[in-house]
Amino acid sequence: MQTRSRLTKNLFEAKQIRSFDPNETPVVFISYRHVYCDTQMARQCAEILEVTSGLHYWFDEEDECLANAQSEISDINIATCIEKGLDAASALLGIIGPGTFDSPWISYEIGGARGRQSFSKNFTASPPDPHPLIAHLIHDTDISNAPDFVSLGIPLQCLCEVEQWAKYIVEMLKPIPLYENILTKTQRLQDHYGIKEIYERNTRHLRYR
């Protein structure tokens with residue numbers, strides 16, 4: 001895999017608290033379990049996000065804060081680093097494979113994302129469901145085995161859908177024109193990037209078991 005460059009050695013060396021300036025480049029938090037198949041998929045997603053103009057991403061393999069916490073085997077320090085990653089992010093991509101939810105960290109990260117101001121700052125009220133800034137890539141497992149709550153975000157089933165979602169996120173996080181409200185913008189962009197079609201197709205498999 002090619003070596004990926006980072007904005008800084010550690011996303012948080014430059015600033016501990018992310019300001020909510022809409023002109024900043026948005027960051028996608030990649031959430032995944034540390035098993036081979038999920039890790040490989042997360043790396044491929046990071047490569048897609050890297051070449052998507054207008055996006056940065058947070059990936060734990062590239063964060064020195066988290067690497068140090070893991071070497072210390074400190075769950076408290078690991079949680080602190082994850083919290084900083086979520087604070088810096090404005091969207092989340094969860095990788096869901098066989099046994100993903102055997103790890104408590106995945107539910108922790110997804111739940112933390114949904115409750116954060118950084119994931120809601122573009123909305124005058126609570127974000128619409130499905131949450132337009134949260135997606136879950138389901139791989140190497142039947143989508144009908146995924147938890148129902150993944151339908152609260154955008155369920156994805158292939159890397160090409162990740163690419164569509166990434167481009168959609170870039171536009172979604174741009175300032176809203178005065179003549180348009182957030183719900184209209186969400187619907188327009190979901191139609192344009194095929195996100196509505198992806199959501200309806202994939203969610204149908206979640207609902208009918």
Side-chain angles (χ1 to χ4, degrees), residues 20 26-33 38 41-42 45 48-49 55 57-58 79 82-83 85-173 176 181-209:
F20 297 128
V27 175
V28 176
F29 184 105
I30 302 175
S31 173
Y32 71 102
R33 185 186 179 204
D38 285 13
M41 190 62 68
C45 289
I48 290 172
L49 296 173
L55 278 183
Y57 61 88
W58 186 92
I82 289 172
E83 292 288 335
L86 289 169
D87 286 343
S90 44
L92 176 139
L93 176 60
I95 310 299
I96 298 177
T100 291
F101 293 98
D102 292 342
S103 167
W105 292 110
I106 308 304
S107 296
Y108 177 83
E109 291 166 356
I110 294 172
R114 284 189 62 84
R116 265 174 165 69
Q117 172 63 23
S118 55
F119 287 72
S120 305
K121 65 187 179 69
N122 282 352
F123 308 104
T124 53
S126 60
D129 283 328
H131 197 305
L133 305 180
I134 295 177
H136 309 284
L137 174 60
I138 301 154
H139 73 101
D140 292 328
T141 187
D142 192 316
I143 188 172
S144 65
N145 293 326
D148 286 340
F149 74 76
V150 303
S151 66
L152 296 175
I154 311 293
L156 310 172
Q157 289 199 81
C158 62
L159 291 172
C160 62
E161 292 180 353
V162 173
E163 186 174 359
Q164 285 177 258
W165 178 75
K167 292 176 180 178
Y168 158 72
I169 285 297
V170 172
E171 296 300 320
M172 189 69 216
L173 290 173
I176 304 169
N181 65 49
I182 186 61
L183 291 178
T184 302
K185 178 183 179 181
T186 301
Q187 292 168 358
R188 173 175 60 82
L189 291 176
Q190 286 185 351
D191 287 340
H192 179 75
Y193 287 97
I195 300 300
K196 181 178 180 181
E197 180 182 351
I198 289 171
Y199 177 80
E200 291 177 349
R201 179 175 66 246
N202 292 345
T203 304
R204 186 163 56 245
H205 297 296
L206 288 168
R207 291 175 175 164
Y208 297 106
R209 302 192 178 194

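All values below come from the heavy atoms of this structure, side chains included, with hydrogens, waters and symmetry mates left out. By convention here, the first residue in the shown sequence is residue 1.
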How long is the straight-line distance from OH of Tyr57 back to CG of Leu92, given to the nearest 0.5 Å?
15.5 Å
Might you point out which heavy atoms bring Leu137 and Cys158 nearest each other, and give the distance in Å?
CD1-N, 3.6 Å
Which heavy atom in Trp165 sits nearest to a heavy atom in Leu93, and how many Å separate them?
CZ3-CB, 4.0 Å
Nearest 0.5 angstrom please: Trp105 CH2 to Ile82 CD1, how far?
5.0 Å
Does any N or O in the side chain of Thr100 come within less than 3.5 Å of the main-chain N or O of Gly97, such that one atom is a donor and the other an acceptor?
yes
In short, Ala88 meets Val27 closest at the heavy-atom pair O-CB, 3.7 Å
Would you say CD of Glu171 has more than 12 non-hydrogen atoms from neighbouring residues, nucleotides or ligands within 6.0 angstrom?
yes
Evaluate the criterion side chain to side chain contact (heavy atoms under 4.5 Å, CB included) for residue pair Leu133 and Leu173; output intermediate values, then yes/no.
CA-CA 9 Å; Leu133 305 180; Leu173 290 173; 3.8 Å; yes
Rounded to the nearest 0.5 Å, how far does CD of Gln164 lie from CD1 of Ile48?
10.5 Å
Restricting to non-hydrogen atoms, name the atom on Pro98 and the atom on His139 that form the minimum distance, rounded to 0.1 Å.
CD-O, 3.8 Å
What's the shortest heavy-atom distance between Asn202 and Leu156, and which atoms?
ND2-CA, 3.7 Å
Just wondering, do Lys196 and Leu189 contact through their side chains at under 4.5 Å, heavy atoms?
no
Hey, what do you get for CD1 (Ile198) to SG (Cys160), rounding to the nearest 0.5 Å?
7.0 Å
Salt bridge or not for Lys167 and Glu163, using N-O below 4.0 Å?
yes
Out of curiosity, Ile169 CD1 to Tyr193 OH, how far, rounded to the nearest 0.5 Å?
11.0 Å
Side-chain contact, heavy-atom cut-off 4.5 Å: Ile95 with Arg33?
no
With sequence neighbours left out, the residues meeting side-chain hydrogen bond (donor to acceptor under 3.5 Å, both in side chains) with Asp142 are Ser144
Just to verify, what does Tyr32 make a ring-ring contact (aromatic ring centres under 6.0 Å, His included) with, not counting sequence neighbours?
His34, Phe59
Interatomic distance, Lys185 atom NZ to Met172 atom CE [nearest 0.5 angstrom]:
5.5 Å
Side-chain donor or acceptor of Arg116 paired with backbone N/O of Gly112 under 3.5 Å:
yes
Within-4.5 Å side-chain heavy-atom neighbours: Ile110 and Phe29
no
Looking at side-chain heavy atoms only, is the closest gap between Tyr199 and Gln190 below 4.5 Å?
no
Parallel, tilted or perpendicular: which one describes the rings of His136 and Phe149, with boundaries at 30° and 60°?
perpendicular
Could you report the tightest heavy-atom contact between Leu152 and Arg114, atom names first, then the distance?
O-NH1, 3.3 Å
Would you say the side chain of Pro26 lies within less than 4.5 Å of the side chain of Val170, judging by non-hydrogen atoms?
no
